[in-house]
Number of protein chains: 4
Amino acid sequence: MSQLLENKITQTISPNTVPLKRRRNERSHQAILTAAVELLQEKGYREICIEAIASRAGVGKQTIYRWWSSKAAVIMEAYSARAIQNIPTPDTGSVKQDLCQILSQLFAVLTTTTTGEAIAGLIAELQMDASLASSFRKQFIECRTEATRTILERGIARGELRPDSNLELVIDTIYGPIWYRLLLKHGTLDDPFAEELVNFIILGIQA
Amino acid sequence: MSQLLENKITQTISPNTVPLKRRRNERSHQAILTAAVELLQEKGYREICIEAIASRAGVGKQTIYRWWSSKAAVIMEAYSARAIQNIPTPDTGSVKQDLCQILSQLFAVLTTTTTGEAIAGLIAELQMDASLASSFRKQFIECRTEATRTILERGIARGELRPDSNLELVIDTIYGPIWYRLLLKHGTLDDPFAEELVNFIILGIQA
Amino acid sequence: MSQLLENKITQTISPNTVPLKRRRNERSHQAILTAAVELLQEKGYREICIEAIASRAGVGKQTIYRWWSSKAAVIMEAYSARAIQNIPTPDTGSVKQDLCQILSQLFAVLTTTTTGEAIAGLIAELQMDASLASSFRKQFIECRTEATRTILERGIARGELRPDSNLELVIDTIYGPIWYRLLLKHGTLDDPFAEELVNFIILGIQA
Amino acid sequence: MSQLLENKITQTISPNTVPLKRRRNERSHQAILTAAVELLQEKGYREICIEAIASRAGVGKQTIYRWWSSKAAVIMEAYSARAIQNIPTPDTGSVKQDLCQILSQLFAVLTTTTTGEAIAGLIAELQMDASLASSFRKQFIECRTEATRTILERGIARGELRPDSNLELVIDTIYGPIWYRLLLKHGTLDDPFAEELVNFIILGIQA
DNA sequence: CACTAAGCGAGACGGTACGTCACGTCTTAGG
DNA sequence: CCTAAGACGTGACGTACCGTCTCGCTTAGTG
């Protein structure tokens, strides 16, 4: 009886995912994503296997293979569905403060144990799967890139920043060191680092 | 025939790898490293398995497990033995030119197809193996860090650069964007990028 | 266009199969049987699966499950619909010649490659399904048993054969060796064998 | 400590099976055969799967695939190792009594529930695997054929039977009806049947 | 004659088993 | 005692079919 309702809800929750001819079972879909996230937290990226996801989700393996191309694809959807990032774009009036705030929030996520590990696993896999790479960028990178660009452009508009900066480069110079430290673990990801980094970058772009 | 020579060279190149009391068969040792490199080039990091290395090297699996802790450890030794990095430390008199030169050389290595992929695989694995992480940093990161620090310190000594810069941070800001682009493939790693990057960094540290 | 005709023929050939109140699609019915026979010839009994029959027939799996209890049931109907056996009962005046003739015709069918294999597959399956066993006997065995019994009884009536023979036993002694050789392949099924066999049997029952 | 002993015993038990280079683990070998027989008795031929045999035997699936080509091959070895047939060749002085005795013993085995079913399964599979067929004949058929031929030849030697009979044919006429009834279940396999059958056959071959 | 329940094609679903791969350990024979 | 070889128990892979279960659509018999 609750079936119509179930489908309706699903449609509402993720209306974008489907050509809609597939008649996909949304209960299974969600169960798989949930199971993936749980296992990620319990065992870490490398220990997860599709069989475990399937059995935890109460789902046949085929149902996973039908809709995703790999473990990494499942986990990416799981993460992005759970929306690690609905990046707020702070607007304090100071580029420095805006950036520190956005980085501070990012560090909070990344230093959660399993997240860093999961990101590293995804990154490794994305080396070999171009379509995975592109969705990773879309879901994990671009949102921040855009938020950061907005902050910088507001800074330029306010006359706080030089208008001729190469924003692509600036943004890479902000996030590069962060991912670098996340993966290589040769330095901390904490608020002092955020501030130092932002200060240094601003040296190069301030008006 | 050339075996004595071969052994000598090997010992010299990586004298640190072996406790040296156990009577290790150097022919096997080399065969394993060679096989690993070949397979890396033919199939890529993810496709390699220890059984393949063993069989290609004409070696028992046990011989690999006896001397290395994991696939990643073999591959790291294979790469470092083949010395990706004997980093020269250029000294042109200009920090900018020195840095551009060192980065240019790095890009040449990294854009070799299999190398980038292998690095990504190693990075993924070192998330889960602290000792691996530490040798990776030693062999792939520190040599460049040191070369770069030397260049920067020479710049400071010459009065070209501000003496109060946080060099750790500066170096992360140079290499961070590079590894970031290597792994995420959202931007190129070429000489114009090197120059732009170096220019931007120098803005923040010049005297 | 030829559909009405097609339906009529079908109805006539196997009028017994359907409760007839349910509105069964005769086109599908025939397509399934045809697909089954084709697959049987192309791939052999063991390689056939219901999904393949359904897809070859352009039919939903459910349609097969609705009307048959198992793969074996489909195949039995397919075979019997195609009427391997409309056994003629020869009457040459000589028991020996009658029997030789009937066996000769049987051998012709059995030595068709796929038929023997199909029979063996059915036999294996009917070990586990009593109702299947009973229809197999009805469709593949009894027709011959009866024809043979008729021949033997005519021989008795003519005084050619002893009247006190156990005809059940005699018939088993005729057909047993045939199925035995079909399944075990340790001897041929050809006309000389038919004659030898008939001769030998007759030794035990002639007047 | 008991390992040498274990190997020795094994060698003694089945010295014929191996080119002897394989260094096969005899404990596993036996465990697999035992598990197969147990499962056969508990669940029947069709319900058995290789995974179940492996897990019951405490053995990896690969170990089964390494040494046998199929489920049927395992089961055949299991059965023949357990020697369904060390056919004694009775010698009572009367062909009729000898044959009745040998058949009576055979019926006892065949009417054991699982055995008949297993035989039927093997027979079905042997339609598609010539090498399996040949070992089936060797292990299940020839031993009886030979015993029976011996009995018949003794009868001929004693002058009890006609010397010009086609013994192949006679033997098929004895065993054919038996396998036929085993598989088709249209008649009993009991001592009265044995006697009737033997009596009928003898009619055709007595001196 | 339209309505409506059925049968239909399609194919997703939870499962089981397949046969293969590679893991890391263990055993054997030979140098 | 190290080695090449490779069997072993383990566990995951990705695939094939199973038999069941919706989904809309088509269609045939009844009301």
Side-chain angles (χ1 to χ4, degrees), chain A residues 3 7 20-29 31-32 47-55 57-67 69-71, chain B residues 22-29 31 47-55 57-71, chain C residues 21-29 31-32 47-55 57-67 69-71, chain D residues 3-4 7 21-29 31 47-55 57-67 69-71:
Chain A
Q3 191 197 331
N7 284 349
L20 199 44
K21 193 48 180 291
R22 358 167 108 180
R23 296 176 298 116
R24 178 179 195 167
N25 181 334
E26 195 53 33
R27 195 195 294 288
S28 300
H29 184 175
I32 289 163
E47 305 303 320
I48 290 188
C49 64
I50 289 190
E51 301 215 322
I53 297 175
S55 105
V59 135
K61 277 196 289 176
Q62 199 62 242
T63 301
I64 298 182
Y65 287 113
R66 212 183 330 266
W67 303 107
S69 61
S70 66
K71 178 177 87 164
Chain B
R22 339 183 193 174
R23 298 173 291 104
R24 179 176 193 168
N25 180 332
E26 195 53 33
R27 194 198 292 290
S28 298
H29 184 178
E47 305 302 320
I48 289 188
C49 65
I50 288 190
E51 302 214 323
I53 296 175
S55 104
V59 135
K61 282 196 288 175
Q62 200 56 246
T63 303
I64 297 182
Y65 286 113
R66 214 187 322 272
W67 304 105
W68 290 276
S69 63
S70 66
K71 176 176 88 163
Chain C
K21 193 52 176 291
R22 341 185 191 174
R23 286 138 345 79
R24 181 178 193 168
N25 180 334
E26 195 53 34
R27 195 199 290 288
S28 297
H29 184 177
I32 289 163
E47 305 302 321
I48 290 186
C49 63
I50 288 190
E51 303 215 322
I53 296 175
S55 105
V59 134
K61 282 196 289 176
Q62 200 58 246
T63 304
I64 298 182
Y65 287 113
R66 215 189 320 272
W67 302 106
S69 62
S70 66
K71 175 178 88 162
Chain D
Q3 191 197 328
L4 281 177
N7 283 349
K21 195 45 179 293
R22 356 167 110 180
R23 295 176 298 115
R24 177 177 193 168
N25 181 334
E26 195 53 33
R27 196 194 294 288
S28 298
H29 183 177
E47 306 303 322
I48 289 187
C49 64
I50 287 190
E51 301 215 321
I53 296 175
S55 104
V59 134
K61 278 196 287 178
Q62 198 70 69
T63 302
I64 297 183
Y65 288 111
R66 213 184 327 267
W67 303 107
S69 61
S70 66
K71 176 177 88 163

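Every chain is numbered from 1, with letters handed out A, B, ... down the list of sequences.
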Q) Of all the choices, E/dA22, F/dG14, F/dA5, which nucleotide is nearest to the side chain of A/Glu51 once you look at every atom? A) F/dG14
**Q.** Any B/Trp68 side-chain N or O less than 4.0 Å from OP1/OP2 of E/dG24
**A.** no
**Q.** Heavy-atom closest contact (D/Ala54 atom, D/Gly60 atom, distance)
**A.** CB-C, 4.2 Å
Q: Name the residue closer to the 5' end of DNA chain F, choosing between D/Gly60 and B/Ser55 according to the nucleotide with the nearest heavy atom.
A: B/Ser55
Q.
Can you see if the side chain of B/Arg66 gets near the phosphate of F/dC2 - specifically, an N or O under 4.0 Å from OP1 or OP2?
A. no
Q: Go through E/dC18, F/dG19, E/dT20 for me and flag the one nearest to the C/Ile50 side chain.
A: F/dG19
Q.
So if I take every side-chain heavy atom of B/Gln62 and compare against E/dA12, F/dA5, F/dC13, which nucleotide ends up nearest?
A. F/dA5
(Q) Counting C-beta onward and ignoring hydrogens, is there a side-chain heavy-atom pair between A/Arg66 and A/Thr63 closer than 4.5 Å? (A) yes
Q.
I want to confirm an ordering. Mapping B/Ile48 and A/Ala57 to their closest nucleotides on DNA chain E, which one lands closer to the 5' end?
A. A/Ala57
Q) What nucleotide among E/dT20, F/dT20, E/dG24 has an atom nearest to a side-chain atom of B/Tyr65? A) E/dG24
Q.
Would you say that A/Trp67 contacts A/His29 through its side chain, given a criterion of any heavy-atom pair below 4.5 Å between the two side chains?
A. no
Q | C/Val59, nearest nucleotide to its side chain (from E/dG19, E/dC13, E/dG9) | A | E/dG9
Q) Between C/Trp67 and E/dC8, is there a side-chain N or O to OP1/OP2 distance below 4.0 Å? A) yes
Q. Per the atom types in the model, does the base of F/dG9 pair as donor or acceptor with the side chain of D/Lys61 at under 3.5 Å?
A. no
Q. Looking at D/Ser28, does any N or O in its side chain come under 4.0 Å of the phosphate oxygens OP1/OP2 on F/dA7?
A. no
Q | Minimal non-hydrogen separation, C/Lys71 against C/Ile48, with atom names | A | NZ-O, 3.3 Å
Q.
Heavy atoms from C-beta onward define the side chain here; which of E/dG11, F/dC17, F/dC8 lies closest to that of A/Arg23?
A. E/dG11
(Q) As a test of reading the structure: which of E/dC18, F/dT3, F/dT22 is closest to the side chain of B/Thr63, going by heavy atoms? (A) F/dT3
Q: Specify the residue among B/Ala52 and D/Lys71 whose closest nucleotide of DNA chain E lies further upstream toward the 5′ end.
A: D/Lys71
